[in-house]
J.: 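Following this message is one structure expressed as structure tokens.
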Amino acid sequence: MSTRFDVPEADAFTRPYWQAAAAGRLLLRHCDACGRAHHYPREFCPHCWSEDGRWRPASGRATLYTWSVVHRNDLPPFGDRVPYVAAVVDLAEGPRMMTEVVECAPGALRIGMELEVAFREGTPVFRPRPAAAAPAHPRGPRAPRV
């Protein structure tokens with residue numbers, strides 16, 4: 001088996017994050033001192049430097065901040081995925097996260113696009129959120145104009 005470059009090695013601190021991801025749940029670190037969430041997982045808050053943080057479930061909602069379409073990557077397993085969309089998303093809880101956008105043609109991507117988390121082999125990726133159903137008109141359906 002070749003070395004994989006798409007999954008970091010879990011350590012004692014990040015193991016809860018990766019175990020949750022393997023189970024289809026996204027966790028974020030939240031600081032009990034300043035109340036802010038942060039990502040990537042680390043033992044101190046990057047906002048106030050407190051070590052008083054804990055894991056909390058994230059909503060899985062995000063918006064697209066920026067992206068790049070990768071057409072060439074020779075490292076396993078990326079070569080089998082090209083082209084793919086490397087992206088930065090703004091999580092609903094505040095932090096920005098580097099990730100991949102899946103299930104979306106690159107030409108359909110838009111800054112601010114609503115996304116939701118999905119998981120590929122225990123790694124969080126994001127896909128477009130289904131459009132919310134249009135609200136019904138309060139007086140019923142409108143008649144077509146002629």
Side-chain angles (χ1 to χ4, degrees), residues 1-138 141-142:
M1 184 171 141
S2 64
T3 302
R4 290 189 59 170
F5 295 91
D6 63 330
V7 181
E9 189 172 318
D11 59 23
F13 178 74
T14 61
R15 193 163 288 115
Y17 176 84
W18 293 110
Q19 287 174 335
R25 296 180 301 119
L26 181 63
L27 296 182
L28 292 176
R29 290 292 289 179
H30 283 258
C31 178
D32 288 333
C34 72
R36 295 177 72 180
H38 61 270
H39 187 79
Y40 65 91
R42 49 198 177 271
E43 296 183 51
F44 63 90
C45 174
H47 307 289
C48 73
W49 299 94
S50 171
E51 293 180 9
D52 191 16
R54 62 184 141 140
W55 296 106
R56 288 189 188 165
S59 67
R61 293 185 359 254
T63 56
L64 185 59
Y65 177 74
T66 191
W67 75 93
S68 180
V69 180
V70 179
H71 293 277
R72 182 179 176 131
N73 188 335
D74 296 329
L75 298 173
F78 298 108
D80 295 334
R81 296 182 189 159
V82 292
Y84 63 89
V85 177
V88 177
V89 299
D90 287 328
L91 299 173
E93 292 77 10
R96 282 197 172 137
M97 178 179 182
M98 292 182 67
T99 187
E100 183 178 343
V101 175
V102 298
E103 301 176 25
C104 186
L109 296 169
R110 299 288 179 260
I111 290 173
M113 173 181 225
E114 293 186 359
L115 305 169
E116 66 183 10
V117 73
F119 294 88
R120 181 181 52 221
E121 299 176 20
T123 300
V125 295
F126 284 78
R127 63 183 173 213
R129 280 203 349 229
H137 191 275
R142 292 184 160 192

J.: Between atom CG of L91 and atom CZ of R61, what is the distance when rounded to the nearest 0.5 Å?
T.: 10.5 Å
J.: Taking all non-hydrogen atoms of both residues, which atom of L26 and which atom of G60 are closest, and how far apart?
T.: CD2-CA, 4.4 Å
J.: Taking C-beta and beyond as the side chain, do P41 and W18 meet within less than 4.5 Å on heavy atoms?
T.: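 A side-chain contact under 4.5 Å is absent here.
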J.: Taking the side chain as every heavy atom from C-beta outward, state whether I111 and L64 have any atom pair closer than 4.5 Å.
T.: no
J.: Measure across C48 and A33 and return the closest heavy-atom pair with its distance rounded to 0.1 Å.
T.: SG-CB, 4.0 Å
J.: List the atom of T99, the atom of V125, and the distance in Å for their closest heavy-atom pair.
T.: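 Taking every non-hydrogen atom into account, OG1-CA, 3.4 Å.
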J.: Between R127 and E103, is there a donor-acceptor pair closer than 3.5 Å when you use the side chain of the first and the backbone of the second?
T.: no
J.: Check whether any side-chain N or O of R110 sits under 3.5 Å from a backbone N or O of G107 as a donor-acceptor pair, and report yes or no.
T.: yes
J.: List the atom of P124, the atom of Y17, and the distance in Å for their closest heavy-atom pair.
T.: CG-OH, 3.4 Å
J.: Are C104 and L109 close enough that some pair of their side-chain heavy atoms sits under 4.5 Å apart?
T.: yes
J.: Does S50 use its side chain to pair, donor to acceptor, with the backbone of D32 at less than 3.5 Å?
T.: no
J.: Can you tell whether the side chains of E93 and R56 come within less than 4.0 Å, N to carboxylate O?
T.: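 Looking at E93 and R56, the cut-off is not met.
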J.: So which atom in V85 and which in V69 form the shortest heavy-atom distance, rounded to 0.1 Å?
T.: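 What the structure gives for the nearest pair is CG2-CG2, 4.3 Å.
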J.: Which atom pair, heavy atoms only, marks the closest approach of H38 to H47?
T.: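 Shortest heavy-atom separation between H38 and H47 comes out as CB-NE2, 4.2 Å.
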J.: If you count heavy atoms of other groups shown closer than 6.0 angstrom to CZ of R129, is the number above 12?
T.: yes
J.: So which of R96, M97, M113 actually passes side chain to side chain contact (heavy atoms under 4.5 Å, CB included) with Y65?
T.: R96
J.: Measuring only between side-chain heavy atoms, which start at C-beta, is P130 closer than 4.5 Å to E116?
T.: yes
J.: Can you confirm whether P83 sits close enough to P106 that some side-chain heavy atom of one is under 4.5 Å from a side-chain heavy atom of the other?
T.: no
J.: Is there a donor-acceptor pair under 3.5 Å between the side chain of R42 and the backbone N or O of Y40?
T.: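 Pair found, side chain donor or acceptor close to backbone of Y40.
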J.: When you compare the side chain of W55 with that of R29, does any pair of heavy atoms fall below 4.5 Å?
T.: yes
J.: Roughly how far apart are F13 CZ and E43 CD, rounded to 0.5 Å?
T.: 5.0 Å
